[in-house]
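Chain identifiers are assigned alphabetically (A, B, ...) following the order of the sequence lines, protein sequences preceding nucleic acid strands; residue numbering begins at 1 within each chain.
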2 protein chains.
Amino acid sequence: MREESTKRRMTRQRRIILEELRMLRTHPTAEELFQIVRKRMPRISLGTVYRNLDVLCQSGLVLKLESAGQQAHYDGDVSQHYHIRCRRCGKIEDVYPEEVNGISDPTVCRRDYQIIGWSLIFEGICPDCSEDIVAENSN
Amino acid sequence: MREESTKRRMTRQRRIILEELRMLRTHPTAEELFQIVRKRMPRISLGTVYRNLDVLCQSGLVLKLESAGQQAHYDGDVSQHYHIRCRRCGKIEDVYPEEVNGISDPTVCRRDYQIIGWSLIFEGICPDCSEDIVAENSN
DNA sequence: GTGCTTGCAAAGCTTTTGCAGACCA
DNA sequence: TGGTCTGCAAAAGCTTTGCAAGCAC
C-alpha cells in the first residue's frame, strides 16, 4: 500500500515551537523547549512538543541531534554546521566549517574545549531498504 | 574527594563480550550482543552486558556509537573510521577514510547508499566543566 | 464538515541501579 | 580474603501512543 503524504497543518502550537526553537542559539531537549514554550502556551503538553518536533524534522525545518540513551537535542538552524558535545554536562554547541581543518586532523577545532574525539556519521538509505521502498511503491 | 582509579578484573563475562564484539563486523546494540553472548553463557544478564560495555568503553577497547538513533550501538574496532546509518532500518556500517573526499562534499562516500546527510560531532570537555574538574581535584 | 492535531495519562522501551551471593586476583 | 562483579528484578528516564475533544482548512 502506497503511503499517502499527509496534509500538515500549521497549528498555533507548531508555529510557536518552531519560532522559539529558531530564536535559541542553544540546542534544547524536548523537555527544555517544552518549558520555554509553556510560558507562551501554559496548556501545551510535552507530548505535543515531541509530536511537533518530529513533524518539523520530517519537513526538514528542524534538526534532531540524537544521542542514544540520553535526551535528543533539537536545532532550529539547518544550515551547514557541526557540533561539539561536552561529555560531562551534555551541552551541545555549534562548530562552524571554518573552524575545522579537515577530518583527518580535527583536533584544532575549538580552542576552548579539550577535544577527546569526534565522529562522522553519514545517513542514508541502504541498498536493501531502497529495494523495499521501490517494491512498496509499485503495488 | 579525588576519584580513585578502580582495579578492573577480566571476568569470563567481560572477556566473552569483548571477544564476540570483536568477531562481528556489524555494530550491535546491547540487546543484540546480549542475544549473541547468551549462546555461550546462557545465564548472563542484560545488565551485565550494559555494565561491561560501559567498562570497555572507558578502557578504550570499545566504541559506543551514541548518535545513532534510539539505541546505542557498539563497535569493537577502535581504529579510525566512520559510519553510515540507514535511516529506515537503523543498520550501521563502516565507512573508511579513503572513501570520504572531505567534509565539504561528503556525497561521494558510498555508491551503494542513497546519502541523505551526515553529521560531524566533536566530543570534549567544555570550559565550565574543565574548571569544575580542576576544582574537584584540588580538594 | 473532515480529518489532522491536541491535552492528558498511561504505556513502552532502553538503560541504570540495589542487593545478596559469587568470583577474580 | 577483599573488593569487584554478577544475576535478578525493580526503578528510572525519555519518548510514544490511545482516546475523546478541538481546531485548521
What I want to check is whether the side chains of B:Ser130 and A:Gln114 have a donor and an acceptor closer together than 3.5 Å. yes

Quickly work out the A:Arg15 CZ to D:dC23 P distance and round it to whole Å. 14 Å

Distance, rounded to the nearest Å, where A:Leu46 contributes CG and C:dT6 contributes P: 13 Å

Checking contacts here: which listed nucleotide (D:dG7, C:dT15, C:dG7) is nearest the side-chain heavy atoms of A:Arg51? C:dG7

Of B:Gly47 and B:Arg14, whose nearest nucleotide on DNA chain D comes first from the 5' end? B:Arg14

Quick one: B:Leu53 CG to D:dT6 C1', roughly how many Å, whole number? 15 Å

Between A:Ile44 (CD1) and C:dT5 (P), how many Å, whole number? 14 Å

So that I can tick it off, tell me whether A:Glu19 and A:Arg40 are bridged by a salt bridge, with the cut-off set at under 4.0 angstrom between side-chain N and carboxylate O. yes

Per atom distances to the B:Tyr50 side chain, the nearest of C:dT15, D:dC5, C:dT5 is C:dT15

Any A:Arg9 side-chain nitrogen or oxygen under 4.0 Å from OP1 or OP2 of D:dC23: no

Rounded to whole Å, CZ of B:Arg43 lies from P of C:dA22 at a distance of 11 Å

Taking only N and O in the side chain of B:Gln70, is any of them less than 4.0 Å away from OP1 or OP2 of C:dT15? no

For residues B:Glu93 and B:Tyr113, is any side-chain donor paired with an opposing acceptor at under 3.5 Å? yes

To the nearest angstrom, how far is B:Lys7 atom NZ from C:dA25 atom C1'? 8 Å

With a non-hydrogen cut-off below 4.0 angstrom, is B:Asn52 in contact with a base, only sugar-phosphate, or nothing? sugar-phosphate

Check the angle between the aromatic planes of B:His27 and B:His81 and answer parallel, tilted or perpendicular using the 30° and 60° thresholds. tilted

Nearest whole angstrom, please: distance from the C1' of C:dC13 to the CZ of B:Phe34. 15 Å

Return the value, rounded to whole Å, for the distance between atom CD of A:Gln58 and atom C1' of C:dC4. 14 Å

Nearest nucleotide by nearest heavy atom, which residue falls closer to the 5' end of DNA chain C, B:Arg8 or B:Asp54? B:Asp54

Is the closest basic N to carboxylate O distance between B:Asp128 and A:Arg88 below 4.0 Å? no

Please figure out whether A:Thr48 or B:Ala30 has its closest DNA chain C nucleotide nearer the 5' end. A:Thr48

A:Met10 or B:Thr11: which one's nearest nucleotide on DNA chain D is closer to the 5' end? B:Thr11

